[in-house]
Amino acid sequence: MKYEELGLNVGLEIHVQLNTKHKLFCKCLTTQKEKEPISVIVRKLHPVYSELGELDRAAQFEYLRNRTFYYQVFKNESCLVELDEEPPHEINPEALESALQIALLFNCKIPDEIHVMRKTVIDGSNTSGFQRTMIVGMNGWFEYKNKKIPIKTICLEEDAAAIVKEENGKVFYRLNRLGIPLIEISTGILKNFSPKEVEEIAFNIWLICKSTNKIKEELGSVRQDINVSIEKGVRVEIKGVQRLGLISKVIENEIERQLKLIKEGKKVEEETRAAKEDGTTCFTRPLPGAARMYPETDIPPIKIESSYLRKLKKALPQPLTKKLKILKTNYNLSDDLANQLILSKYLPIFEKITKTYKIEPKIVANFFVNTLKDLKRRNELNEENLKEEHFLKLFEMFTKEEIVKEAFPPIISKISFNPEKNLEEIVDELNLRILKKEEIEKIVKQTIEENKELPLNKLIGIVISKVRGRADPKLVAELVKKFKEA
Amino acid sequence: MNLENILKKEKIKVGDWIEVRKEKEIFKGILMPKTKLSHPSTLILKLENGYNIGIEVDEKTQIKLLRRREIGIKKEEIKLKKEEGKPTVSILGCGGTVASKVEYVTGAVYPAFTPTDLIQSFPRLEKIANIESEVLFNLFSEDLNVEHWKIIAKACVKNIKKNVDGIVLMHGTDTMHFTSAALSFMLQNLPIPIVLVGAQRSSDRGSSDNEMNLISAVLTAAKSEIAEVTVCMHGSINDDYCFVHQGTKVRKMHTSRRDAFKSINVLPYAKVWFIEEKIEYLRENFKKRDKQRKVKVDLKMNPRVGLIWIHPNINPKFIESLSKFYDGIVIAGTGLGHVPTNPFKDKLAKSIVPALKSLIDSGIPVVIAPQTIFGRINLNVYTSGRILKEIGVIGDYCDWLPEVALVKLMWVLGHTKNMKKIKEMMLTNIAGEISERSEVE
């Protein structure tokens with residue numbers, strides 16, 4: 001599809017949970033670990049008298065009259081603040097600092113004074129009937145493919161309660177998600193990018209957030225809303241795309257849906273749609289008007305001192321997007337390997353090893369990305385016992401040519417179950433010290449002698465199985481060839 | 001030039017669309033009113049996306065008027081019809097924003113109080129009763145005193161004479177139980193219900209307890225049989241029912257929960273189921289609604305009464321000095337009704353008995369109430385109590401709340417200065433403030 005011809009415009013809203021210990025406005029834990037609620041609270045919401053038109057208000061009355069909200073309370077993870085039974089406490093300084101760091105990484109202007117707002121929400125996902133939210137940065141940008149991607153606003157807000165189920169007007173919510181600090185990053189209009197590029201832009205945004213090391217990474221901690229429009233169609237908002245990898249598919253599907261409606265001569269409506277797990281969407285409601293917001297008077301405005309900002313700027317981490325570029329160019333890693341390594345928790349150890357030893361980065365990257373994953377999949381790894389020193393020793397022995405890379409899996413597997421031993425001991429126990437060239441030659445000659453009638457490749461196979469993990473297979477092949485032909 | 005002068009010079013008013021240029025940034029939005037907590041040189045701007053931000057204004061900042069804007073909500077008056085056969089309820093405003101309107105453009109919150117306002121906010125009210133309303137004053141409840149109680153009492157009498165079927169008083173929650181106690185003594189022998197109501201959550205939010213409390217209060221005023229002064233507030237932290245509490249037996253027991261009000265030492269009169277609009281009586285010992293009954297109005301009160309909380313190291317000199325300020329004292333005693341009396345002549349302990357005795361001897365009555373809140377005073381179990389009884393402290397066997405004892409002493413001292421008469425009136429149950437039996441819950 002030619003996206004330029006379609007006039008594809010996309011806007012992204014990326015939501016990332018912060019990995020703070022406490023929630024944004026109280027001391028509840030952000031773990032979401034508890035399975036069973038300790039209590040369930042029943043609530044109704046009602047429309048608030050405002051300058052809203054009569055019709056809008058009547059619709060709200062109708063909607064809310066038929067709904068009762070059931071809020072599940074979890075031990076240590078929800079308190080009277082989430083129940084709308086106690087005013088918010090002071091803003092979590094850890095969350096505010098992380099949010100400001102992220103805003104600075106996107107080159108945003110930070111307001112001199114931050115004002116917390118109440119954004120009216122009537123679907124029950126906030127017990128109070130509003131979500132607390134504040135702008136921490138605006139008018140920012142970051143670079144992608146040598147273009148400036150505009151960042152309109154970065155907001156710090158309370159995550160909403162998670163819906164559990166809805167049946168016959170009874171809506172059940174989990175309160176442990178309510179109040180977890182959430183960063184919302186809204187891009188400006190992304191013009192003339194392909195869906196795949198938009199997905200990559202979203203991934204880059206997420207990576208920049210991750211650079212702070214303060215975001216949650218488990219499933220459901222990142223959520224995207226996507227605004228899609230094409231020239232002949234209208235703007236449609238797609239909410240709740242759960243994975244970054246779904247973005248291009250969702251956009252493609254939406255373009256197709258709009259094109260199909262146009263072709264059939266039907267009207268494309270401006271509306272909000274919800275994303276499903278397979279990348280298709282379904283209608284939820286007509287596009288809402290401007291957000292109804294007013295000041296949160298229970299929290300005083302927060303003055304951001306310029307001296308504090310300077311200090312933050314100085315200590316800003318290197319954005320992972322830059323690191324990713326370095327992995328691909330300086331370290332010569334393939335896109336696939338680099339994209340996986342940048343997300344790996346072993347990235348710092350990878351950097352240390354490649355700095356300490358003269359070693360091909362691909363070997364190290366491959367070990368951390370693939371070898372460990374394979375061992376884990378086969379249940380041959382007790383990952384929590386592995387320490388940095390184990391990896392350093394492993395690659396030290398490798399650079400000193402004491403072991404071959406084929407010996408990595410058995411060594412690392414065994415040490416992970418026997419952390420009290422040292423790595424050298426394990427190597428000896430497994431008898432995986434590298435064989436001297438003469439020893440290999442001896443085995444090669446003997447094998448050829450015993451199997452005179454066998455062809456070359458069979459002979460190589462036999463030798464390799466005899467020296468498995470103790471010699472470089474390439475060297476074995478060379479030697480067999482040499483002596484067979486001699 | 002400071003911010004105020006710049007705005008004056010540019011003729012910019014709150015609510016106008018303006019443009020602010022600072023360094024390389026351009027911000028456009030609505031100028032918002034200053035809040036006290038915001039920095040003086042900071043301008044608050046509401047951006048197009050609805051968010052407010054603060055921009056510090058310095059010499060180089062440029063501010064320009066883009067266009068003027070009218071703020072405020074247009075009144076849409078609707079004609080309310082009085083329906084025959086439907087009870088009439090008067091809603092009187094004594095402060096506390098039980099109802100308000102939000103203007104999202106600026107974020108301003110206005111109190112809403114005309115009958116139209118109330119019915120637009122809570123359409124269900126119209127189905128329950130014909131609504132009349134009047135604002136008496138608009139104050140935080142912690143600022144109310146005896147004079148305000150009199151204004152409220154007089155307004156109630158006026159409405160009773162207008163032959164309404166019930167009265168609802170919207171009131172800030174902090175001292176609602178003082179007002180309910182005061183009205184219980186000032187307005188006895190009521191023909192109709194007088195119901196105080198408030199909200200623990202601000203009325204601008206969809207989750208506010210205002211709707212359920214107000215509708216339950218109006219239901220109680222319009223339809224219940226309880227011709228007493230009562231407080232109607234959330235019964236639990238769920239939005240299911242309200243309790244109708246006896247005005248002299250209720251206390252705010254939590255700083256923020258919506259079920260902060262609890263009946264002390266008695267059951268509430270009733271439960272009002274909000275959705276079902278059903279009143280479930282929990283007690284029978286109240287005056288039944290009877291429009292023929294004549295209200296006994298007695299507003300005399302002496303405000304010079306103090307309430308003192310007993311604590312370790314309380315200074316006897318402080319107790320003595322109270323005579324300068326007060327004509328009567330209520331002490332919230334520890335346990336069954338105790339104060340430091342030092343019967344064992346301990347060297348480290350200090351008795352306040354001489355101080356209390358000097359107060360009583362100079363004609364200042366001293367009344368005791370339990371600081372445990374729950375339970376009954378008994379001055380016969382421990383030496384400390386017996387000593388207080390000996391010197392003439394009033395309150396033995398009373399299960400009153402400290403706040404109610406205070407209000408009652410004000411009312412009694414409005415009628416007599418005679419110590420014997422004071423004691424007799426104090427110990428007579430006038431408005432259900434003393435219960436004879438402590439019921440098993």
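Small disclaimer: the values here were computed from a predicted structure and weren't measured. Chain A is the first sequence line, chain B the second, and so forth, proteins listed ahead of strands; every chain is numbered from 1.
- With chain B as the partner, the residue from A:Glu86, A:Lys109, A:His46 showing the most heavy-atom pairs under 4.5 Å is A:His46.
- Not a single ring-ring contact (aromatic ring centres under 6.0 Å, His included) links B:Tyr51 to another residue, sequence neighbours left out.
- Between chain A and the residues B:Ile237, B:Leu47, B:Asp240, B:Leu45, the largest count of heavy-atom pairs under 4.5 Å involves B:Ile237.
- Looking only at atom types and distance, the side chain of B:Ser236 has no donor-acceptor partner in the side chain of B:Asp259 under 3.5 Å away.
- The contact between A:Met134 and chain B is made entirely by backbone atoms, counting heavy-atom distances below 4.5 Å.
- With a threshold of 4.5 angstrom between heavy atoms, B:Lys24 does not approach chain A through any atom at all.
- Judged by distance alone, the side chain of B:Asp16 and the main-chain N or O of B:Lys13 form a donor-acceptor pair under 3.5 Å.
- Contacts between A:Thr127 and chain B at a heavy-atom distance below 4.5 Å involve the backbone alone (N, CA, C, O).
- Contacts with chain B were tallied for A:Leu83, A:Asp84, A:Val121; A:Asp84 has the most, counting heavy-atom pairs under 4.5 Å.
- Residue A:Val40 touches chain B through its backbone alone, counting heavy-atom pairs closer than 4.5 Å.
- Heavy atoms of B:Glu25 lying under 4.5 Å from chain A belong exclusively to its side chain.
- Here the NZ-OH distance, from B:Lys271 to B:Tyr241, works out to 4.5 Å after rounding to the nearest 0.5 Å.
- Residues passing the salt bridge (charged side-chain N to carboxylate O under 4.0 Å, His left out) test with A:Lys44, sequence neighbours excluded: none.
- In terms of heavy-atom pairs under 4.5 Å with chain A, the best-connected choice from B:Gly206, B:Ser121, B:Ser208, B:Ala260 is B:Gly206.
- Chosen from A:Asn139, A:Thr133, A:Ile122, A:Ile114, the residue pairing most often with chain B at heavy-atom distances under 4.5 Å is A:Thr133.
- For the pair A:Asn126 (side chain) and A:Gly129 (backbone), a donor-acceptor distance under 3.5 Å is absent.
- In terms of heavy-atom pairs under 4.5 angstrom with chain B, the leader among A:Leu64, A:Val116, A:Leu80 is A:Leu80.
- Under the 3.5 Å distance criterion, with hydrogens and angles disregarded, a donor-acceptor pair is assigned to the side chains of B:Thr61 and B:Asp58.
- With A:Phe74 as the aromatic partner, A:Arg177 does not meet the cation-pi criteria of under 6.0 angstrom to the ring centre and within 45 degrees of the ring axis.
- Classified by interplanar angle (parallel below 30°, tilted 30° to 60°, perpendicular above 60°), the ring pair A:Phe172/A:Tyr70 is parallel.
- Applying a 4.5 Å heavy-atom cutoff, the residues of residues 301-313 of chain A that approach chain B are A:Pro301, A:Lys303.
- A:Glu85 pairs by the salt bridge (charged side-chain N to carboxylate O under 4.0 Å, His left out) definition with A:Arg43, B:Arg258, not counting sequence neighbours.
- With respect to the salt-bridge test (charged N to carboxylate O, under 4.0 angstrom), the residues B:Asp209 and B:Arg201 do not qualify.
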